[in-house]
Colleague: 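Before we start, here is the structure in question, set down as structure tokens.
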Amino acid sequence: MREAIRLAERAVRTGTGGPFGAVVVLRGKIIGRGQNRVLADNDPTAHAEVNAIRAACKRLRRFCLDDCELYTSCEPCPMCLAAIQWARLRRVHYAATRHDAARAGFDDARFYREMTVPMRQTLRAESLPTFVAWEQKTDKTPY
């Protein structure tokens, strides 16, 4: 956890993003580090947790982290929670709460309350062949 907090401090000090850091741990060893890089990369998805997951997956050369745990300096936002679930992380440890982040100006409360964006379906028939091709693929890797 201290390394996640150190990464959060570095993000603030260097101006790369908000005060968020995260590490992925496998059998007591850090295998992926991430800090918030939203500002540095102009990427709203460049949260510390996502960056740590990406680093761990790259290092392990696999997308499933079901034997790993995530340590993060703050309670994950809904986007990061979804990434954590996709990565199948076994457990998440966090330091500061979402309420602490809100007091610092990072109020994601609306994302926790409602995950709705206006959506409209279009060109469904044109997209379905890709799913048929996937279903018929004999050498696919399920995930």
Colleague: Taking all non-hydrogen atoms of both residues into account, name the closest pair between V24 and A52 and its distance.
Modeller: CG2-O, 3.6 Å

Colleague: V92 and L65: same hydrophobic cluster, using ILVMFWY side-chain contacts below 4.5 Å?
Modeller: yes

Colleague: For T45 and M79: C-alpha separation, side-chain torsions, deciding distance, then whether side chain to side chain contact (heavy atoms under 4.5 Å, CB included) applies.
Modeller: CA-CA 8 Å; T45 68; M79 179 189 69; 3.9 Å; yes

Colleague: So which heavy atom on S73 is nearest to which on A95, and how close?
Modeller: O-CB, 3.4 Å

Colleague: Considering residues at least two apart in sequence or located in another chain, which fulfil the side chain to side chain donor-acceptor pair (under 3.5 Å) criterion with K137?
Modeller: D139

Colleague: Between L60 and L70, is there a shared hydrophobic cluster once you connect ILVMFWY residues whose side-chain heavy atoms come closer than 4.5 Å?
Modeller: yes

Colleague: Please list all pairs meeting side-chain hydrogen bond (donor to acceptor under 3.5 Å, both in side chains) that have one or both residues in residues 119-128, counting only residues at least two apart or in different chains.
Modeller: none

Colleague: Check the pair E3 / R6 against salt bridge (charged side-chain N to carboxylate O under 4.0 Å, His left out), numbers first and verdict last.
Modeller: CA-CA 5 Å; E3 177 65 6; R6 189 185 71 73; 2.7 Å; yes

Colleague: Set out, in order, the CA-CA distance, both residues' side-chain angles and the distance that settles side chain to side chain contact (heavy atoms under 4.5 Å, CB included) for I53 and C57, then state yes or no.
Modeller: CA-CA 6 Å; I53 290 168; C57 288; 4.1 Å; yes

Colleague: Check whether any side-chain heavy atom of R98 sits under 4.5 Å from a side-chain heavy atom of C74, and report yes or no.
Modeller: no

Colleague: How many angstroms lie between SG in C64 and OH in Y143, if you round to the nearest 0.5 Å?
Modeller: 13.5 Å

Colleague: Under the side chain to side chain contact (heavy atoms under 4.5 Å, CB included) criterion, do R90 and D66 qualify, and how do the steps go?
Modeller: CA-CA 5 Å; R90 179 173 37 187; D66 59 352; over 6 Å; no

Colleague: Considering only residues two or more places apart or on different chains, which pairs with a residue in residues 48-59 satisfy side-chain hydrogen bond (donor to acceptor under 3.5 Å, both in side chains)?
Modeller: E49-T72

Colleague: Any side-chain heavy-atom pair from R27 and D67 closer than 4.5 angstrom?
Modeller: yes

Colleague: Flag yes if I84 and W86 sit in one hydrophobic cluster, no otherwise; membership is Ile, Leu, Val, Met, Phe, Trp, Tyr, and two members link when side-chain heavy atoms are under 4.5 Å apart.
Modeller: no

Colleague: Any idea which heavy atoms bring W134 and T141 closest together, and the distance?
Modeller: CH2-O, 3.7 Å

Colleague: Going by side-chain hydrogen bond (donor to acceptor under 3.5 Å, both in side chains), name the pairs with one or both residues in residues 99-108, residues two or more places apart or in two chains.
Modeller: T97-D100, D100-R103

Colleague: A quick test of your reading: do over 12 heavy atoms of other residues, nucleotides or ligands sit less than 6.0 Å from NZ of K29?
Modeller: no

Colleague: Are V50 and F106 connected into the same hydrophobic cluster when the rule is that any two of I, L, V, M, F, W, Y join if their side-chain heavy atoms are below 4.5 Å apart?
Modeller: no

Colleague: Throw together a table of side-chain donor-acceptor distances under 3.5 angstrom for residues 13-22, partners on residues two or more places apart or in other chains.
Modeller:
residue : atom : partner : partner atom : Å
T14     : OG1  : R10     : O            : 2.8
T16     : OG1  : Q35     : NE2          : 3.0
T16     : OG1  : N36     : O            : 3.1

Colleague: Who else is in the cluster with I5 when I, L, V, M, F, W and Y are joined by side-chain contacts under 4.5 Å?
Modeller: M1, L7, V23, V25, I30, Y71

Colleague: If you round to the nearest 0.5 Å, how far is SG of C68 from CZ of R88?
Modeller: 13.5 Å

